[in-house]
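Just dropping this structure here.
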Protein chains: 2
Amino acid sequence: MTSRRPQSKPVPTLEDVAERARVSTATVSRCLNAPQRVSAVTRARVMAAVQELGYAPNFGAQALAARRTNTFGAIIPTMENAIFARGLQAFQEVLTDEGVTLLVASSGYRPAAEEEQIRSLIARGADALLLIGHDRTAESYAMLERRQIPHVVTWAFDPDAPRSSIGFDNRAAMATLTAEVLDRGHRRIAFISAMTNGNDRARLRVEGARSALAARGLDPAAMPLEETEYSFHHGAAAFDRLMRQTPRPTAVLCGNDVLAAGALRQAREMGLDVPGEVSITGFDDIELCEIVTPALTTVHVPHREMGRRAARLLLDMRGGDSAGERVRLEAPIKWRDTLGPAPA
Amino acid sequence: MTSRRPQSKPVPTLEDVAERARVSTATVSRCLNAPQRVSAVTRARVMAAVQELGYAPNFGAQALAARRTNTFGAIIPTMENAIFARGLQAFQEVLTDEGVTLLVASSGYRPAAEEEQIRSLIARGADALLLIGHDRTAESYAMLERRQIPHVVTWAFDPDAPRSSIGFDNRAAMATLTAEVLDRGHRRIAFISAMTNGNDRARLRVEGARSALAARGLDPAAMPLEETEYSFHHGAAAFDRLMRQTPRPTAVLCGNDVLAAGALRQAREMGLDVPGEVSITGFDDIELCEIVTPALTTVHVPHREMGRRAARLLLDMRGGDSAGERVRLEAPIKWRDTLGPAPA
DNA sequence: TTGTAAGCGTTATCAA
DNA sequence: TTGATAACGCTTACAA
């Protein structure tokens, strides 16, 4: 019979600690999870053994036995552009305070990929999930239902959706901004949108602009629309296409700040004064807005508050202290320097 | 005795699948992990059961039994500014192709937090780890050693460090850039650095500039240095402080592009022409460089290649096909528009 | 306060 | 090709 305990034991287990501290594994477990239920002297002995051995619990075993991982998951569309970074940061801060670990995955804006990520996070035992927007496969929601995983949608507010959400009204926010643009005399208004497929935020922002147009008796269908990928360069290219039209738009609404930054750059490239000859607006209010020149007028998104509240809600839901809720946050216009009156 | 199988069973297990397919759990497991070892007809029956039940393996149990998680971890200093996004993306692409999942954690540039993240990722059974830079606590390295977790350091190259790394020479790259600045006649050169504590990349970049100065017989200690936090606004503030000196610097080297973007903004704020009155350079070559005006001259970092190669190396190390290696990649100057001759 | 021992859901080793 | 069954490392009644 070969020794079950070779000389160098690379990974100490609970049993090793127990042996060294001359107690049972149950006591060691208690020391770690409910220290007050163990006498001070025993505890000291156990903790010393833990130290000496460099013991760390095996996560898989722990999850298996306790049926709880103390892990939340978040699936965001992208890690680039720092769009979701600030909100996620706030989300994580709250979780860390409560001793839960955050696992982050990104889907690249692909619903199929997101479904896979959800599956993976569930399999890993995520206790709860943070999601962005409502658009996803039916199977994604089915899994969450089946496993009864608390989840909350952020970055969107839809009172009719049958799930918790903490977000803002993308449509209304863009409608408000569009109304302001109209108030400044603009009539030839164009729109650069992110791909709307599988992205309700993008879709609703376009709809918001159209509804504002319609509210003033203008034809929403007449608004030139460029739908393009999420990048600075795509924004620039889309702006270029838009400005080749005759007559030229006097205002270009962008579905997000990154596209707007691209548009702004292209305007300079074309020698167009912003906002003198053309106005440009963004959406999201990320740091980039203050970096570009002129600074970008945009819609402010309450990144940190969304993140914090989502964390609290998920924590409550997991603990059974909440059955979920729908929260509508404000997303006001952030005035900077790229929106001006329509040129004469 | 209460029923062990209540009516609605939210989470199907291997056993449920086995029961439904009328085979043993061993056969189901084989179907999932080594399909060719199961007869076609049995397999069909099992897969059908899997489908019908919506079965997904329990990750914890799987990890426990198989002693392998097929999960790699990456710990980056920050998710903001998209600094590490591109490299991480490339890293993940390779892993995904090989069927391994990536877990990402961020440390906020705090070594203690990073140690905690390493501990957590190890406990979760990460098969291998991607790290940024060499600076971390001794305990961090001790854990990796003890558990024999393959790991690779990126974003830095240190031939003397006793571990694998795939990076570039931060010091040499900044020295080269500084030499170019000197060649253009600049003598009053200042430096804006990220916090160097626990950040070898930042420290080496400063050292690189100093060594270039020394190589020309200039006094490195005379170079004004502002060490500040990693943000656009801190960069602007640091630049402001620097430009209040008399005589004013004619060139400001920045430890990274974000700080440089802030400096650029502040220069405009102060009505200073770049590069006419003052030159500004960055480091990292992130997308931001092309967004700012004028476009930023910087040091190009091979983000994607670093990520890809790190993934390959870690995969090989896990498979026992490599004992690790040290790779030095090039980090050439990326010429754009913010470095000009020293003003007369 | 502490120990015993029965799981938790897989994988993997043997036999059949 | 398939099935029993012993791990895997931990938590948690229940007993002492």
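In this text the structure is predicted, and so the values were computed from the model without any measurement. Residue numbering restarts at 1 for every chain, and letters A, B, ... go by the order of the sequence lines.
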Taken to the nearest whole Å, CZ/A:Arg67 to P/D:dT11 is 13 Å

May I ask you to verify if any side-chain N or O of B:Ser24 is less than 4.0 angstrom from the OP1 or OP2 atom of D:dG3?
yes

To the nearest Å, give me how far apart CZ (B:Arg68) and C1' (D:dC8) are.
16 Å

Rounded distance (Å) that lies between atom C1' of D:dC10 and atom CG of B:Asn58
13 Å

With a cut-off of less than 4.0 Å, is there a side-chain N or O of B:Ser39 near OP1 or OP2 of D:dT1?
no

Gap between atoms CG and P, on A:Leu53 and D:dC10 respectively (whole Å)
11 Å

Side chain to side chain contact (heavy atoms under 4.5 Å, CB included), paired with B:Arg308, selected from B:Ile166, B:Val94, B:Leu313
B:Val94

Can you list every ring-ring contact (aromatic ring centres under 6.0 Å, His included) pair that touches residues 41-98 of chain A, not counting sequence neighbours?
A:Phe84-A:Trp155

Rounded to the nearest angstrom, tell me the gap between atom CZ in A:Arg124 and atom C1' in C:dG9.
16 Å

Whole angstroms only, please: what is the CZ-P distance between B:Arg22 and D:dA4?
12 Å

For B:Ala56, report the nucleic acid contact type (base, sugar-phosphate, nothing); a contact means any heavy atom under 4.0 Å.
sugar-phosphate

Residue met sooner reading DNA chain C from 5', once A:Leu64 and A:Val41 are mapped to nucleotides:
A:Val41

Is it true that the side chains of B:Glu15 and B:Thr25 contain a donor and an acceptor less than 3.5 Å apart?
no

Return yes if some donor-acceptor pair links the side-chain N/O of A:Thr69 with the main-chain N/O of A:Gly125 below 3.5 Å, else return no.
yes

Interatomic distance where CD belongs to A:Glu15 and P belongs to C:dT4 [whole Å]:
12 Å

Length of the CG-P vector between A:Asn70 and D:dC10, whole Å
16 Å

Check: A:Ser164 side chain, A:Arg326 main-chain N or O, donor-acceptor pair, under 3.5 Å
no

Verify side-chain contact (heavy atoms from CB on, under 4.5 Å) between A:Arg124 and A:Thr71, making sure each step is shown before the conclusion.
CA-CA 9 Å; A:Arg124 308 187 102 77; A:Thr71 297; over 6 Å; no

Any sub-3.5 Å donor-acceptor pair from A:Asp16's side-chain atoms to A:Thr13's backbone N or O?
yes

Do nucleotides 11-16 of chain C as a string where each nucleotide becomes B, S or -: B if the base has a protein heavy atom under 4.0 Å, S if just the sugar-phosphate does, - if no protein is that close.
BBB---

